[in-house]
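Worksheet: one structure, shown below.
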Amino acid sequence: MVNLPSISVVDDDESIRESLRGLMRSIGFSANIFASAEEFLNSDHLRKTDCLILDVRMPGMNGLELQHQLMVSRREIPVIFITAHGDEEARARALEEGAVAYLFKPFSEDALLNAVHAALELK
């Protein structure tokens with residue numbers, strides 16, 4: 001049995017979650033979706049995730065806080081941030097803490113897929 005790369009998507013926007021799950025599955029990846037950082041952290045998928053696609057601004061714990069929590073707990077999951085907000089300070093912080101990419105919505109499928117492939121090469 002072949003183990004498919006496991007991609008987790010954390011975004012409070014259901015339409016984004018569903019479309020990204022569909023895109024990841026269409027190229028042969030396993031994809032799981034979560035409406036919040038807390039939902040992801042409390043899931044069984046935390047230790048199975050090969051790449052995390054993460055919204056920056058969400059209610060509760062935001063994406064940057066989740067990235068920091070993963071780093072502090074030594075969970076080495078490559079992170080790709082997606083955001084509709086052009087906050088350069090957040091972008092700089094995310095990349096400084098090891099994010100693979102920081103994409104502004106709307107982003108192209110190619111840009112996201114290139115980032116996912118780059119993230120999977122790090123695993």
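All heavy atoms count here, side chains included; hydrogens, waters and symmetry mates do not.
- Both I33 and V116 are part of a single hydrophobic cluster, where members link through side-chain heavy atoms under 4.5 Å apart.
- With sequence neighbours excluded, no residue forms a side-chain hydrogen bond (donor to acceptor under 3.5 Å, both in side chains) with H117.
- D13 is linked by a side-chain hydrogen bond (donor to acceptor under 3.5 Å, both in side chains) to S15, counting only residues two or more places apart in sequence or in another chain.
- Taking the side chain as every heavy atom from C-beta outward, E89 and L64 never approach each other to under 4.5 Å.
- Of all heavy-atom pairs between D12 and P59, the closest is OD2-CD, 3.5 Å.
- The closest side-chain heavy-atom distance from L122 to V100 is below 4.5 Å.
- Residues V79 and L46 are members of one and the same hydrophobic cluster, defined by side-chain heavy-atom contacts under 4.5 angstrom among Ile, Leu, Val, Met, Phe, Trp and Tyr.
- Heavy atoms from other residues, nucleotides or ligands lying under 6.0 Å from CD of E88 number more than 12.
- Under the rule for a salt bridge (charged side-chain N to carboxylate O under 4.0 Å, His left out), R17 has no partner lying at least two apart in sequence or in another chain.
- No side-chain heavy atom of F81 sits under 4.5 Å from any side-chain heavy atom of L95.
- A single hydrophobic cluster is not seen to contain both L23 and L4; linkage of ILVMFWY side chains at heavy-atom distances under 4.5 Å, directly or through other members, places them apart.
- With S8 as reference, T49 is the one residue of T49, L54, L20 to meet the side chain to side chain contact (heavy atoms under 4.5 Å, CB included) rule.
- When the salt bridge (charged side-chain N to carboxylate O under 4.0 Å, His left out) test is applied to E39, no partner is found at least two apart in sequence or on another chain.
- Residue M58 is not grouped with residue V9 when hydrophobic side chains (ILVMFWY) are merged at heavy-atom distances under 4.5 angstrom, including chains of intermediate members.
- Not a single side-chain hydrogen bond (donor to acceptor under 3.5 Å, both in side chains) links R91 to another residue, sequence neighbours left out.
- No side-chain heavy atom of D55 sits less than 4.5 Å from a side-chain heavy atom of I16.
- Between the side chain of E38 and the main chain of M61, a donor-acceptor pair closer than 3.5 Å is present.
- In this structure, P78 and A119 approach most closely via the heavy-atom pair CG-O, 3.4 Å.
- Residues satisfying the side-chain hydrogen bond (donor to acceptor under 3.5 Å, both in side chains) test with R57, not counting sequence neighbours, are H85.
- Looking only at side-chain heavy atoms (C-beta outward), L52 and L66 come within less than 4.5 Å of each other.
- Residue pairs meeting the salt bridge (charged side-chain N to carboxylate O under 4.0 Å, His left out) criterion with at least one partner in residues 18-27, sequence neighbours excluded, are E18-R21.
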Can you give the donor-acceptor pairs under 3.5 Å from side chains of residues 103-111 to other protein atoms, not counting sequence neighbours?
from, atom 1, to, atom 2, distance (Å)
K105, NZ, D11, OD2, 3.1
S108, OG, A111, N, 2.9

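- With sequence neighbours excluded, the residues that form a side chain to side chain contact (heavy atoms under 4.5 Å, CB included) with P5 are F29, D50, L120.
- Taking the side chain as every heavy atom from C-beta outward, I82 and I53 approach each other to under 4.5 Å.
- K48 meets the salt bridge (charged side-chain N to carboxylate O under 4.0 Å, His left out) test with no other residue; sequence neighbours excluded.
- Between L112 and I80, the closest side-chain pair of non-hydrogen atoms falls below 4.5 Å.
- Expressed to the nearest 0.5 Å, how far OG of S19 lies from CE of M24 amounts to 9.0 Å.
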Please list every donor-acceptor pair under 3.5 Å in which a side-chain atom of residues 70-77 meets a protein atom from a residue at least two apart or in another chain.
from, atom 1, to, atom 2, distance (Å)
S73, OG, Q69, O, 2.9
S73, OG, L70, O, 3.3

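- The side chain to side chain contact (heavy atoms under 4.5 Å, CB included) check on S43 picks up F34, F40, H45, with sequence neighbours excluded.
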